[in-house]
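Throughout, residue positions are numbered sequentially from 1 according to the sequence presented. As the structure lists them, so they are numbered: ligands from 1, and atoms in each ligand from 1.
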Amino acid sequence: MFDFTGTYTDQYQLTMGQVYFLKGHTHHTATFDYFFRKLPFNGGYAIFAGLEDLLEILRDLRFDDKDLEFLKKLGLDSGYIDYLKEFRFTGKVYSFREGDVVFPGEPVVRIEANIIEAQIIETLLLNILNFQTLIATKASRMRLQAKGRTLIDFGLRRAQGTGGYHASRAAIIGGFQATSNTRAGRDYGITVSGTMAHSYIQSYDDELTAFRDFAEAHPKNTVLLVDTYDTLRSGVPNAIKVGLEMEKRGHKLQGIRLDSGDLAYLARKSREMLDRAGLDYVKIAASNQLDEHLIRSLLDQEAPIDIFGVGTSLVTGHPDAALDGVYKLSFFGGKPRIKLSETISKVTLPHKKQVYRMLDIHGNFIGGDVVSLEEEENPEMMFHPFDPLKFQSIAQHDKEPLLQLVMDKGKILKKPYSLEEIAAFSEERLEKLPREYKRFFNPHIYKIGISKRLKKERDQLIEEHKMK
Ligand SMILES: Nc1ncnc2c1ncn2[C@@H]1O[C@H](COP(=O)(O)OP(=O)(O)OP(=O)(O)O)[C@@H](O)[C@H]1O
Ligand SMILES: O=P(O)(O)OC[C@H]1O[C@H](OP(=O)(O)OP(=O)(O)O)[C@H](O)[C@@H]1O
Ligand SMILES: O=C(O)c1cccnc1
């Protein structure tokens with residue numbers, strides 16, 4: 001994995017940290033909330049991803065010699081640098097489970113740590129969680145449109161630099177089955193898969209020999225790229241020849257890949273040709289600038305495509321450049337803290353908080369989460385966060401607490417979930433989300449409300465600040 005050390009942060013975290021150090025605040029605990037404000041892709045939900053990576057990074061975070069040398073050059077205080085030499089993240093992390101469906105305005109992660117630690121980790125926490133949540137959400141959108149078809153991540157080459165590494169992980173959480181990214185396969189145990197490039201076929205004088213050599217070298221894993229010269233006149237007929245030859249040797253051609261032209265038309269024609277030759281088991285893969293809209297359109301056209309390979313739009317989160325997740329102080333020095341704003345929706349929620357998801361009698365989601373004070377066990381009323389006229393009783397609903405302690409004193413509290421387990425959990429949670437929130441166009445808005453006590457505390461703090 002990328003070498004995450006103490007300098008993987010913004011300079012202002014370190015300069016603020018120096019003030020806290022010099023003023024003797026090294027043992028003062030701060031509480032910060034991670035939440036985002038806007039759902040990406042005009043969707044109705046997001047998939048929370050990146051937590052297990054984050055916890056491992058926090059557990060191992062140190063300032064190494066290169067970091068300390070550089071901090072000296074930046075002119076930071078030598079006593080503070082000595083303090084950073086011994087830096088460990090020793091705080092608590094409360095979090096939603098990775099893979100859960102999450103919504104704007106609810107604290108998905110809560111950090112409680114000494115203020116210097118909590119501040120230094122802000123940047124990397126946002127960097128990891130914002131990106132993986134964005135990509136897992138994008139992947140999940142494709143998953144819903146692809147229905148049961150296989151989705152493979154082809155994005156590393158198109159990613160924003162090394163971001164492709166974490167994107168491959170997030171794609172699995174969102175519902176992809178495999179990746180071409182071999183490093184992600186090595187590190188995360190993701191199934192690695194792939195076909196062949198045009199260059200391979202171009203390097204031969206004829207397509208058929210290129211296909212034959214590949215099939216000979218990889219008899220259990222051959223997917224032939226059929227569009228280099230002429231898909232229906234050359235690529236598919238040559239693939240059929242090789243498929244039949246493989247059968248004679250006791251093997252099976254796995255698939256063909258279409259990478260240009262009208263994918264629906266070519267898939268239909270290729271399917272007919274393969275079936276006619278008795279190769280009805282050969283799968284059809286398609287790629288070429290795909291996204292959830294195109295996958296949906298291709299399936300609307302009843303294109304017989306079994307596998308979609310997706311690059312750019314997946315790993316870049318196109319067309320949304322980033323998830324707008326933020327990290328805000330909510331409790332410090334024994335007091336709740338608030339950030340005011342002219343824009344009412346940007347006023348933060350003070351205090352240590354819990355989030356409850358409301359469930360129906362079958363355990364499915366009703367369509368609302370309520371943010372409460374940590375100590376509230378069964379909030380009975382839910383208020384709209386900004387509109388005092390909108391509130392409802394929630395006393396009758398079963399509620400599931402979503403923020404759980406996952407790290408204490410810098411130690412991860414449980415065995416990490418495998419990526420497969422996280423993906424399965426995500427699928428299960430999405431299943432419990434009513435379909436209106438998963439609708440492709442104009443999804444229903446999931447309600448994030450606040451409890452009566454939290455509202456009272458917040459309104460009181462707003463008033464106190466206004467009176468100053
Ligand atoms: N039947 C279809 N319905 C909707 N979109 C399609 C269909 N077939 C292909 N597409 C998409 O349309 C776009 C066409 O891409 P483009 O204009 O680059 O042509 P191309 O076939 O890739 O040509 P080439 O790669 O040879 O330059 C791709 O994003 C592709 O996935
Ligand atoms: O979703 P996308 O961003 O389109 O990513 C997938 C594309 O990447 C590859 O093309 P490339 O031209 O890089 O290599 P190739 O020669 O193997 O086709 C592949 O053939 C797909 O067309
Ligand atoms: O294996 C493939 O077919 C592949 C891998 C990366 C990018 N495009 C295609």
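Environment of CZ in Arg435: sparse, with no more than 12 heavy atoms of neighbouring residues, nucleotides or ligands closer than 6.0 Å. Residue Lys438 qualifies as enclosed at atom NZ: its count of foreign heavy atoms under 6.0 Å is above 12.
Closest protein heavy atom to atom 7 (C) of ligand 2: Arg158 NH1, 3.5 Å. Closest to atom 14 (O) of ligand 2, if we only count protein heavy atoms, is Arg157 NH1, 3.1 Å.
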Report task. Would you sort out whether Tyr188 and Tyr165 count as a ring-ring contact (aromatic ring centres under 6.0 Å, His included), showing the intermediate values? Result -> CA-CA 10 Å; Tyr188 290 123; Tyr165 178 75; 5.3 Å; yes
Report task. Under the side chain to side chain contact (heavy atoms under 4.5 Å, CB included) rule, what do Val406 and Leu413 come out as? Steps first, then yes or no, please. Result -> CA-CA 5 Å; Val406 292; Leu413 292 181; 5.7 Å; no
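Close contacts between ligand 2 and Asp259 involve ligand atoms 18 (O), 19 (C), 20 (O), 21 (C), 22 (O) [criterion: under 4.0 Å to a heavy atom]. Near Gly311, the atoms of ligand 2 lying under 4.0 angstrom from a non-hydrogen atom of the residue are 1 (O), 2 (P), 3 (O), 5 (O). Near Arg257, the atoms of ligand 2 lying under 4.0 angstrom from a non-hydrogen atom of the residue are 17 (O), 19 (C), 20 (O), 21 (C). Atoms of ligand 2 found under 4.0 Å from any heavy atom of His198 (numbered from 1 in listed order, with element): 15 (P), 16 (O), 17 (O), 18 (O). Proximity to Gly194 (heavy-atom distance under 4.0 Å) selects the following atoms of ligand 3: 1 (O). The contact set between ligand 3 and Ser180, taken as ligand atoms under 4.0 Å from a residue heavy atom, comprises 5 (C), 6 (C).
Using a 30° and 60° split on the angle between ring planes, Tyr437 and His444 fall in the perpendicular class, above 60°. Note on ring orientation: taking the six-membered ring where Trp is involved, the planes of Phe48 and Phe96 are perpendicular (angle over 60°, cut-offs 30° and 60°).
Contacts of His318 with ligand 2, taken as heavy-atom pairs under 4.0 Å, are absent altogether. Using a 4.0 Å cut-off between heavy atoms, Thr312 contacts ligand 2 through both its backbone and its side chain. At a heavy-atom cutoff of 4.0 Å, ligand 2 is contacted by both the backbone and the side chain of Gln289.
Partners of Glu428 according to the salt bridge (charged side-chain N to carboxylate O under 4.0 Å, His left out) rule, which considers only residues two or more places apart in sequence or in another chain, do not exist here.
Of all the heavy atoms in Thr137 and Pro40, the pair that sits closest is CG2-CG, 4.1 Å.
Near ligand 1, residues Ser260, Gly261, Asp262, Leu263, Ala264, Asn288, Gln289, Leu290, Leu294, Ser297, Leu298, Gln301 come within 4.0 angstrom through at least one heavy atom.
A donor-acceptor contact shorter than 3.5 Å links the side chain of Glu98 to the backbone of Glu52. A donor-acceptor distance shorter than 3.5 angstrom exists from the side chain of Arg110 to the backbone of Lys353, with no hydrogens or angles considered. A donor-acceptor contact shorter than 3.5 Å is absent between the side chain of Arg97 and the backbone of Leu403.
Because its NZ or CZ atom is both nearer than 6.0 Å to the ring centre of Phe41 and within 45° of the ring axis, Lys138 counts as a cation-pi partner of that residue.
Considering backbone and side-chain N/O of Met196, none are found under 3.5 Å from N/O of ligand 2. Ligand 3 has no nitrogen or oxygen under 3.5 angstrom from a nitrogen or oxygen of Ser193.
Looking at Val192, Ile152, Thr195 and measuring to atom 1 (O) of ligand 3, the nearest heavy atom belongs to Thr195.
To the nearest 0.5 angstrom, Ile116 atom CD1 is 7.5 Å from Leu84 atom CG.
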